[in-house]
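First up is the structure itself, then whatever we jot down about it.
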Amino acid sequence: MQFSESVLQLASKAEAALINRFAEIDRISFENTNRVMDAFRRFRVSESLFQSSSGYGNGDRGRDVLDEIWADVMGAEAAFVRHSIVSGTHALTIGLFGLLRPGDVMYSIAGKPYDTLEEVIGLCGESGNGSLKDFGVDYLQTDLTENGEFRMEEITENLKRLPRVKVVFIQRSKGYLNRKTLSVAQIGQAVRAVKEIRPEVFVVVDNCYGEFVETREPTHVGADLIIGSLIKNPGGGMAESGGYLAGSARAVELASYRLTSVGIGVEQGATLGQNKSLYKGLFYAPHTVSQALKTAHLAAYVFEEMGYTVEPKWNEERHDIIQSVITGSEELLCAFCRGIQQGSPVDAFVTPEPWAMPGYSDRVIMAAGGFTQGSSIELSADGPIRAPYTCFFQGGLTYESGKLGILSAAQSLMDQK
Ligand SMILES: *Cc1c(COP(=O)(O)O)cnc(C)c1O
């Protein structure tokens, strides 16, 4: 790829400014890798665990040991991780339906959950399709404050007032919302406050995009269940598909009965040759996340220097891998996405165009050139075609390729102006 002198200079300036940030990211990646490798050693990972199973998958040692390793790494009592979980939304659905019963209340204390959960909860969509609402589960929500803090007074009051609350739900990452991502420390404070009033409540965390960004996960600070996707952070760019749930023994057991059947839980499920890529994915995940984080920091610096408003800023501490840039016009948003696409390893020759994606009220433009369809630990970008034309992006399997993608987007924006 060819870049103009001004783009290259901007990149050098950014990297000089980011030396300390990058060193901190390396430190976190080292600590997380150490935790993962400790678990691999203690659970005696060997080649025999990579073997495949078919049919019922009874006695698949590789699958069972991987579950134990995941629990250990996440600071949880139990976990299951399956290639057959089709997405993050599916994993969250398994968790919510596993824990909630008719008459219970799901209480989201960090504002609106991710878009795809609205139909699962029954906030939108046709009734009768089998949402939580159809099954008699009620929903309550308290938004975060303007500064992105929990409204503890209101939350405390509601927990005292509503004994039917069974699940307290927290989304860690901002998703596509205009709010800050929660830190693990913040989540820990909220968990403690909730448990003080209602120790029996399950605190469930949508952990998407947060894994391995810090040295602790919400389960290390008391969450009962954390849930995420393997084609984001914790699959390390290696897992072909899948999701995970980790948490207390009881919460994971209840969720496992929704994964398969009551009575069967995690004891069956053929792995169809996927064990090795899931082991390898967990092994790579801390490093891959560090590469995505460096790419995001670089992007924040470069685009801010170019005059765009970015969130988070280049020198801010991060709690997920998402970066947003306000481009200000449809033309610039499209130019940005074209640049990312051209800087991708797969489908670099494709030109992304805005389209009316089902489930979204505005047209959306997406750039994705990864090895795995829809994988967002690989460099990928998207944005709705509406003011202020914000582009959300994340990922980067290697810092070098992530940097190329960012420089390509910067060049594309400069050329458009
Ligand atoms: C991506 C994401 C989801 C849903 O994951 P899919 O794999 O797209 O179904 C849920 N919550 C958050 C915060 C996410 O970022």
Side-chain angles (χ1 to χ4, degrees), residues 81-97 106 108-121 123-125 131-132 141 143-144 148 167 169-184 186-187 204-214 217-218 223 225-237 239-246 255 259 278 281 285 289 292-293 296 311-312 318-324 357-360 364 366 368 370 372-384 390-395:
V81 47
R82 293 291 180 279
H83 79 273
S84 53
I85 295 176
V86 305
S87 66
T89 305
H90 183 198
L92 287 155
T93 302
I94 289 168
L96 292 172
F97 276 87
M106 167 183 173
S108 174
I109 62 169
K112 197 178 84 61
Y114 197 72
D115 295 48
T116 55
L117 287 184
E118 288 182 26
E119 275 194 69
V120 175
I121 296 166
L123 298 175
C124 69
S131 66
L132 286 169
Q141 173 180 318
D143 290 339
L144 296 170
V167 163
F169 187 81
I170 299 172
Q171 181 181 307
R172 177 172 173 186
S173 164
K174 63 176 167 290
Y176 295 130
L177 290 177
N178 204 358
R179 64 138 160 114
K180 291 227 182 299
T181 288
L182 296 162
S183 68
V184 172
Q186 262 179 304
I187 292 173
V204 177
V205 178
D206 174 351
N207 208 28
C208 282
Y209 287 134
E211 298 92 349
F212 300 117
V213 172
E214 301 184 39
E217 301 297 332
L225 198 59
I226 59 172
I227 303 174
S229 162
L230 293 194
I231 60 168
K232 295 180 180 173
N233 303 15
E240 300 278 341
S241 73
Y244 77 91
L245 294 89
L259 171 73
L278 298 200
V289 168
L293 279 170
E311 218 297 300
R318 281 164 198 257
H319 305 292
D320 67 15
I321 63 168
I322 300 176
Q323 177 68 46
S324 67
M357 196 169 126
Y360 290 81
V364 179
M366 298 186 159
T372 296
Q373 189 197 88
S375 164
S376 46
I377 187 61
E378 302 184 53
L379 189 62
S380 48
D382 45 70
T390 305
C391 192
F392 296 89
F393 60 99
Q394 63 276 309

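As the structure lists them, so they are numbered: ligands from 1, and atoms in each ligand from 1. Remember, it's a predicted structure, so these values are computed and weren't measured experimentally.
For the residue pair Gln394 and Ser380, a side-chain donor N or O sits within less than 3.5 Å of a side-chain acceptor on the partner. Between the side chains of Ser173 and Tyr114, no donor-acceptor pair is found at a separation under 3.5 Å. Between the side chains of Glu214 and His319, at least one donor-acceptor pair of N or O atoms lies under 3.5 Å.
At a 4.0 Å heavy-atom cut-off, ligand 1 touches Thr89 through backbone and side chain alike. Of all the heavy atoms of His90, none lies under 4.0 Å from any atom of ligand 1, so neither backbone nor side chain is involved.
Here is the list of ligand 1 atoms found below 4.0 Å of a heavy atom in Tyr209: 15 (O). The Gly88 neighbourhood of ligand 1 comprises atoms 5 (O), 6 (P), 7 (O), 9 (O), with distances under 4.0 Å to a heavy atom of that residue. In the vicinity of Ser87, heavy-atom distances shorter than 4.0 Å reach the ligand 1 atoms 7 (O), 9 (O). Of all atoms in ligand 1, listed by their number and element, those nearer than 4.0 Å to a heavy atom of Gln171 are 13 (C).
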Decide salt bridge (charged side-chain N to carboxylate O under 4.0 Å, His left out) for Glu217 and Arg172; before the verdict, give the C-alpha distance in whole Å, the side-chain angles of both, and the deciding distance to 0.1 Å. CA-CA 10 Å; Glu217 301 297 332; Arg172 177 172 173 186; 3.0 Å; yes
Assess whether side-chain contact (heavy atoms from CB on, under 4.5 Å) is satisfied between Thr181 and Val213, documenting all intermediate values. CA-CA 12 Å; Thr181 288; Val213 172; over 6 Å; no
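Distance check, rounded to the nearest 0.5 Å: CZ of Phe212 to CG of Asn233 gives 8.5 Å. Atom CG of Leu278 is separated from atom OH of Tyr244 by 13.5 Å, given to the nearest 0.5 angstrom.
If you check each of Lys174, Lys232, Arg172 against atom 2 (C) of ligand 1, the one with the closest non-hydrogen atom is Lys232.
Using a non-hydrogen distance threshold of 4.0 Å, Leu92 registers as a contact of ligand 1.
For a threshold of 3.5 Å applied to N or O pairs, the pair formed by Asp206 and ligand 1 contains at least one separation below that value.
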